[in-house]
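Okay, structure first, notes after.
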Number of protein chains: 2
Amino acid sequence: MKKIEKKTEDKRAIYYWDRLQNYGRKYKWFHWPSVEAFLNLVYTYDVISNHFASKIQHTGLSRSALNILNIISRSDKKGCTHKELSDLLLVSRANVTGLVDSLVRKNLVKRQDSQHDRRLSIVKITKNGEELLNSVLPSYYLEMRRLASDLSNDERNKLNDILIKLRLKIFDLYKDKKKTESN
Amino acid sequence: MKKIEKKTEDKRAIYYWDRLQNYGRKYKWFHWPSVEAFLNLVYTYDVISNHFASKIQHTGLSRSALNILNIISRSDKKGCTHKELSDLLLVSRANVTGLVDSLVRKNLVKRQDSQHDRRLSIVKITKNGEELLNSVLPSYYLEMRRLASDLSNDERNKLNDILIKLRLKIFDLYKDKKKTESN
DNA sequence: TATTGTTATACTCTATAACTATA
DNA sequence: TATAGTTATAGAGTATAACAATA
């Protein structure tokens with residue numbers, strides 16, 4: 001049996017909930033209910049992220065590589081420019097080059113020059129890439145369904161509403177900042 | 001004004017909600033309400049993570065480095081072994097060595113040999129490290145409070161409940177797997 | 001001039017295996 | 001034998017700046 005170094009119990013939550021709650025009080029603005037929510041968000045993300053990463057480990061792809069491949073696949077014959085990928089992935093153009101390079105090396109996508117705008121490089125999925133996706137996504141989606149199956153419709157809706165609310169709140173911060181910067 | 005390559009609008013959500021919803025139907029187990037919940041979780045985490053990372057960029061610390069420092073600081077005079085850090089951070093012991101090394105280089109923590117068990121290396125925070133934490137954490141906690149201020153008590157509780165539920169569901173998977181592996 | 005993509009570089013984080021020393 | 005920590009190595013991901021080609 002393979003040695004498992006990583007612990008799968010919720011040690012971290014126990015640790016934090018025990019100690020941080022009191023410790024943080026020395027900071028004026030520390031507000032435990034807020035902090036608790038963010039900690040839960042981060043830890044749950046972390047656990048989910050590791051779980052899905054292990055689900056696709058056998059493909060040799062990371063979660064973001066699969067993500068890119070998925071995006072490109074969805075663009076169909078049209079393909080996807082580096083710029084689009086950069087926007088969607090929140091990754092710099094410089095790094096998109098590297099990410100696409102690694103997929104090209106694995107023969108999962110190919111680059112094509114655009115005929116309309118010769119600055120553009122268009123990325124399309126290969127047969128190989130499609131086959132890989134088709135071999136991975138079914139169990140991926142099944143797993144999402146299984147994990148979410150314990151949530152009621154109401155809970156799922158609440159979760160979505162709250163997460164969107166938090167996200168938009170942050171976007172608003174940056175909008176405001178942009179405005180004041182340009183004035 | 002500094003050029004901003006990263007977009008702060010919710011391009012990704014728009015993109016996905018438009019396309020994925022239909023695209024995914026070709027997969028048998030694709031269940032949009034489940035997928036939507038996970039996408040929201042991932043994107044919101046991502047946005048929050050980037051936001052807080054930018055908040056502490058001036059310290060030269062990454063979010064995980066700050067996290068380690070925070071854990072060590074909370075252990076007070078007692079200090080923290082590498083093993084403890086490894087468990088709490090879900091990071092291999094090998095990598096804890098590297099992470100602690102980089103904090104030692106910055107004079108934020110120091111190592112001490114344990115007198116009871118000479119295998120152990122105990123990590124303690126330095127004056128320098130404490131000062132850094134005190135200069136960063138107040139605004140960090142204030143920001144959490146601000147961001148969560150739009151959520152009602154009920155929403156926060158619901159969010160926590162749901163996130164914990166999801167996390168424990170995954171932990172249970174691994175517990176079951178462990179059991180069957182040892183049989 | 002602005003945009004797209006590339007190159008180069010450096011740093012962080014992660015994963016793995018082999019090793020030392022202690023228990 | 002098991003545990004704690006280290007070393008070495010390789011790869012993914014990110015951040016930044018300078019650059020060429022094209023619009």
Side-chain angles (χ1 to χ4, degrees), chain A residues 1-7 46 49-50 52-54 56-69 79-106 108-109 111-123, chain B residues 1-7 46 49-50 52-54 56-69 79-106 108-109 111-123:
Chain A
M1 182 183 149
K2 204 190 151 200
K3 248 194 218 172
I4 297 169
E5 279 212 338
K6 284 194 177 177
K7 294 298 176 289
D46 226 42
S49 169
N50 281 333
F52 279 101
S54 78
I56 58 169
Q57 205 172 13
H58 66 280
T59 65
L61 289 184
S62 65
R63 275 201 337 123
S64 26
L66 182 66
N67 201 2
I68 300 181
L69 202 57
C80 229
T81 66
H82 283 202
K83 184 60 169 51
E84 283 171 325
L85 291 174
S86 164
D87 286 344
L88 289 173
L89 298 166
L90 299 192
V91 156
S92 70
R93 283 172 300 131
N95 290 327
V96 167
T97 300
L99 294 171
V100 171
D101 277 351
S102 81
L103 290 175
V104 168
R105 249 178 280 130
K106 287 168 184 158
L108 299 172
V109 304
R111 285 198 180 89
Q112 272 181 17
D113 292 338
S114 165
Q115 306 196 325
H116 309 295
D117 184 337
R118 295 181 50 213
R119 287 173 306 180
L120 302 183
S121 175
I122 295 178
V123 187
Chain B
M1 182 182 150
K2 205 191 148 198
K3 248 194 218 171
I4 298 169
E5 279 211 339
K6 283 195 178 177
K7 294 297 175 289
D46 226 41
S49 170
N50 281 332
F52 279 101
S54 78
I56 58 168
Q57 207 172 13
H58 66 281
T59 65
L61 288 185
S62 65
R63 271 199 341 119
S64 24
L66 182 65
N67 201 2
I68 299 180
L69 201 56
C80 228
T81 66
H82 282 202
K83 185 59 169 49
E84 283 171 325
L85 290 174
S86 165
D87 285 344
L88 289 172
L89 298 165
L90 299 193
V91 156
S92 70
R93 283 172 300 132
N95 290 328
V96 167
T97 300
L99 294 171
V100 171
D101 277 351
S102 81
L103 289 176
V104 168
R105 250 179 278 127
K106 288 169 184 157
L108 299 172
V109 303
R111 284 197 180 89
Q112 273 181 17
D113 294 337
S114 165
Q115 306 197 323
H116 310 295
D117 184 338
R118 294 181 51 213
R119 288 174 305 179
L120 303 183
S121 174
I122 295 178
V123 187

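Convention: sequence-line order gives letters A, B, ...; per-chain numbering from 1.
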Scan [X] against the nucleic acid and name what it touches under 4.0 Å (heavy atoms): base, sugar-phosphate only, or nothing.
X        : result
B/Ser121 : sugar-phosphate
A/Ser62  : sugar-phosphate
A/Arg63  : nothing

Could you give the [atom1]-to-[atom2] distance, from [X] to [N], as a whole number of Å?
X        : N      : atom1 : atom2 : answer
A/Gln115 : D/dA21 : CD    : P     : 21 Å
B/Leu103 : C/dC13 : CG    : C1'   : 13 Å
A/Lys106 : D/dA12 : NZ    : P     : 5 Å
B/Asp101 : C/dT14 : CG    : C1'   : 15 Å
B/Asn67  : C/dT12 : CG    : P     : 16 Å
B/Asp46  : D/dG13 : CG    : P     : 13 Å
A/Asp113 : C/dT6  : CG    : C1'   : 13 Å
B/His116 : C/dT22 : NE2   : C1'   : 16 Å

Handout entry: DNA chain D: 5'-proximal contact among B/Gly98 and A/Ala65 (nearest heavy atom)
Key =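 Counting from the 5' end, the first nearest nucleotide belongs to B/Gly98.
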Practice task
Could you tell me which residues satisfy salt bridge (Lys or Arg N to Asp or Glu O under 4.0 Å) with A/Arg118, sequence neighbours excluded, listed by chain and number?
Solution key: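 By the salt bridge (Lys or Arg N to Asp or Glu O under 4.0 Å) rule, A/Arg118 matches no residue at all.
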Handout entry: B/Arg119: partners by salt bridge (Lys or Arg N to Asp or Glu O under 4.0 Å), with sequence neighbours left out
Key =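 Partners of B/Arg119 by the salt bridge (Lys or Arg N to Asp or Glu O under 4.0 Å) criterion, ordered by chain and then number, come out as B/Asp117.
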From C-beta outward on [X], which listed nucleotide comes closest to its side chain: [options]?
X        : options               : value
A/Ala94  : C/dG5, D/dT6, C/dT7   : C/dT7
A/Ser92  : D/dT14, C/dT6, D/dT16 : D/dT16
A/Asp117 : C/dA23, D/dT22, D/dT6 : D/dT22
A/Arg93  : D/dT6, D/dT22, C/dG5  : C/dG5

Practice task
Pick out which of A/Val100, A/Thr59, A/Leu69 makes a side-chain contact (heavy atoms from CB on, under 4.5 Å) with A/Leu108.
Solution key: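 Of the listed options, the one satisfying the test is A/Leu69.
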Handout entry: A/Ile122: partners by side-chain contact (heavy atoms from CB on, under 4.5 Å), with sequence neighbours left out
Key =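 By the side-chain contact (heavy atoms from CB on, under 4.5 Å) rule, A/Ile122 matches A/Thr81, A/Ser114, A/Lys124.
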Practice task
Could you tell me which residues satisfy side-chain contact (heavy atoms from CB on, under 4.5 Å) with B/Leu88, sequence neighbours excluded, listed by chain and number?
Solution key: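 side-chain contact (heavy atoms from CB on, under 4.5 Å) check on B/Leu88 returns A/Arg12, A/Tyr15, B/Ile71.
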Handout entry: A/Ser102 side-chain N/O to D/dA12 phosphate OP1/OP2 under 4.0 Å
Key =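 Answer is no, no contact under 4.0 Å.
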Practice task
Assign each of B/Gly60 and A/Gln57 to its nearest nucleotide of DNA chain C by heavy atoms, then name whichever residue's nucleotide is nearer the 5' end.
Solution key: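 In this pair, the answer is B/Gly60.
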Problem - Closest-nucleotide ordering on DNA chain C, the 5'-leading residue of A/Asn95 and B/Ser64 - result: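 It is A/Asn95 whose nearest nucleotide is closer to the 5' end.
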Practice task
Looking only at non-hydrogen atoms, find the nearest pair between B/Ser92 and B/Ser86 and report the distance.
Solution key: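 Nearest pair, atom of B/Ser92 first, then B/Ser86: C-OG, 4.0 Å.
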Practice task
Please report how far the helix from C/dT1-D/dA23 to C/dA23-D/dT1 bends, comparing the axis fitted to its first five pairs with the axis fitted to its last five, to the nearest 10 degrees.
Solution key: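 Taking the rotation axis at each end, their angle is 0°.
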Exercise for the section: Decide yes or no, distance alone: a donor-acceptor N/O pair under 3.5 angstrom between the base of C/dT3 and the side-chain of A/Arg119. Expected result: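 Flag set: donor-acceptor pair detected.
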Exercise for the section: First locate atom CG of A/Asp46, then atom CG of B/Leu89, and finally report the distance between them rounded to the nearest 0.5 Å. Expected result: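 Answer rounded to 0.5 Å: 9.5 Å.
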Handout entry: Pairs involving residues 97-106 of chain A, ordered by first then second residue, that meet side chain to side chain donor-acceptor pair (under 3.5 Å) (sequence neighbours left out)
Key =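 Passing the test, one end in residues 97-106 of chain A: A/Asp101-A/Arg111.
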